[in-house]
Amino acid sequence: MTDQDVFDIAIIGGGINGCGIARDAAGRGARVLLLERGDLASGTSSSSTKLIHGGLRYLEHYEFGLVREALIERETLWRIAPHIIHPLRFVLPHRAGLRPRWLLRAGLFLYDHLSGRRLLPPTRSIDLQVHPAGLPLKPGFHRGWEYSDGWVDDSRLVVLNACDAADRGAKILPGHALTSADRQDGMWQLRVRRDDGMQTTFRTRGIVNASGPAVLDVLAMGSVRADDPIRLVRGSHIVVPRLFDHGYAYFFQLPDQRIFFALPYERDFTLIGTTDRDHRAGIDPIAASDEEIDYLCRGANDYFRTQISPSDVVWSYAGVRPLVDSGDGRPEVASRGYRFEIDHPAGAAPMLSVFGGKITTYRRLAEEALDRLAPHVASLSGTHWTGAEPLPGGDFEVTGRQALADSLLAGHNFLGSDEALRIASAYGTLAPKWLGNSRKRADLGQDFGGGLSQAEADYSMDREWARTPDDILWRRTKLGLRVNPAGVAALGDYMQSRLAR
């Protein structure tokens, strides 16, 4: 066995933490392997509320450090990924009988002043009788506040981190499930089962266990015990036809002291979420329960003039968050912070396990994880760099997304303005890689409907590891909301034929 047969680190888990760590480690010069049993972002990381935010509600639980770190990250992430991340103004109506007005004002004051905010506009008080966000609300909401946070295409954030890691030499392997991990001769030997049933083995000088809800399973494979338990909390969301025509999002309170968001989504829809429920079932598959869907509909009906029911839900999704178990009673109180455990017996290869975290702080989590692993893996001695280098397609100014869409439309006027903006928002400056010199839709090959072409599908398969229709329709894009069943079937047939070549 030569050094070329050994990886410096193997990362288990292709969610945001795993792909963020892979990107950072590859950029520091390490030889990196990433193993994911399913698709990239197929678990918790594609099931978020799609926000880059500090977590206003965490101030109630005195998590000032977590909120400050996340708030600072908002603008850093916006700068490195201005195609998939953009600012969003939130409206928080005051609701009589719940949190008092002075408490909400104080929280928003802290939110502004903990943040190191430079680009995002500050909080301001608003009159909902005249503000555009007041019109869709029921009568009785008079005063509120408008504040800043950010929107993110969560699954594309994962994929773009994986793409950048691969560009820097990492080996990214979706569809590869870890089946055992053993320490041998100062290294880890990993046995892996591929989707096709074939078995393969890898050797690595260290492991990063970033497997999310499966973190304890990976520890058990390596005969490592966790110091503390984790708490699995399920968050569910629903998507309904658009409830409002403006571009603001809402932050709402409920009488049970929980909060939820209502966000403009994919132009024609509204995204509502999330719930917090302790999850005691298996981690695959995860789905929103009927009770959670009904809960979210009732919450929205407390606020909006347009009433909804479960029959209006066009899509629902759920994810399980592996949170550090602080022993608090209610799941919504469990910390969204993160911590690490490193197992490194004398002379043995290390395993670093990641517990908790949230999508907004993934980049900082990756830096800290590798800093902790660096004393045990010599090739990880590089400096921090990920906050200054754009993700693939993000090499343009933070205010330039619409200009990029306009330039795509000028070169490919068959797209239409909405489609050009969708493509710019997903691929940024890499969009020409698959649009090419097309001058009419037929130039992009087979049309699957809903705006999905053969050229885009090919790009997703060749560049972004897509292997199934769901990978493309729900994680590389959200065109699953628009492609009809016949188009899905045609896409599946096309992908199967292409994979069989």
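FYI, the numbering just counts along the sequence from 1. Everything numeric here is computed off the predicted structure, so don't read it as measured data.
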Show the numbers, then the answer: is there a salt bridge (Lys or Arg N to Asp or Glu O under 4.0 Å) between Lys50 and Asp154?
CA-CA 6 Å; Lys50 324 299 183 193; Asp154 53 3; 2.9 Å; yes
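- Screening residues 485-498 for salt bridge (charged side-chain N to carboxylate O under 4.0 Å, His left out) gives Asp458-Arg498, Asp462-Arg498 as the qualifying pairs, with residues at least two apart or on separate chains.
- Under the rule for a salt bridge (charged side-chain N to carboxylate O under 4.0 Å, His left out), Glu75 has no partner lying at least two apart in sequence or in another chain.
- Residues Ile238 and Cys297 come closest through the heavy atom pair CD1-SG, 3.9 Å.
- Contact record, Leu473 with Leu452: CD2-CD2, 3.8 Å, taken as the closest heavy-atom pair.
- Between Tyr265 and Trp315, the ring planes lie parallel to each other; the angle is under 30°, not in the 30° to 60° tilted range.
- Pairing each heavy atom of His176 with each of Val192, the nearest pair is CB-CG1, 3.5 Å.
- Of all non-hydrogen atoms in Ser353 and Val215, the two that sit nearest each other are CB-CG2, 4.2 Å.
- Residues meeting the side chain to side chain contact (heavy atoms under 4.5 Å, CB included) test with Pro322, sequence neighbours left out: Pro213, Ile230, Leu232.
- Nearest heavy-atom pair across Gly54 and Leu71 is CA-CD2, 3.7 Å.
- Applying the salt bridge (charged side-chain N to carboxylate O under 4.0 Å, His left out) criterion to Arg475, with sequence neighbours excluded, gives Asp39, Asp471.
- Considering only residues two or more places apart in sequence or on other chains, Asp167 meets the side chain to side chain donor-acceptor pair (under 3.5 Å) condition with Arg463.
- Residues meeting the side chain to side chain donor-acceptor pair (under 3.5 Å) test with Glu69, sequence neighbours left out: Tyr338.
- Qualifying ring pair (Phe, Tyr, Trp, His ring centres under 6.0 Å) partners for Phe252, counting only residues two or more places apart in sequence or in other chains: Tyr250, Phe260, Tyr303, Phe304.
- When the side chain to side chain donor-acceptor pair (under 3.5 Å) test is applied to Thr200, no partner is found at least two apart in sequence or on another chain.
- Using modelled atom types, no side-chain atom of Ser155 and backbone atom of Arg476 make a donor-acceptor pair closer than 3.5 Å.
- For the pair Arg277 and Tyr295, the cation-pi criterion (under 6.0 Å, within 45° of the ring axis) is fulfilled.
- Applying the salt bridge (charged side-chain N to carboxylate O under 4.0 Å, His left out) rule to Arg79 yields no partners; only residues at least two apart in sequence or on another chain are considered.
- Listed by chain and number, the residues in a salt bridge (charged side-chain N to carboxylate O under 4.0 Å, His left out) with Asp196 are Arg194 (sequence neighbours excluded).
- Under the rule for a side chain to side chain contact (heavy atoms under 4.5 Å, CB included), the partners of Ala162 that lie at least two apart in sequence or sit in another chain are Cys19, Leu40, Ile172, Trp465.
- Scanning for side chain to side chain contact (heavy atoms under 4.5 Å, CB included) contacts around Ser47 gives Tyr317, with sequence neighbours left out.
- Between Ile9 and Leu370 the shortest side-chain heavy-atom distance falls below 4.5 Å.
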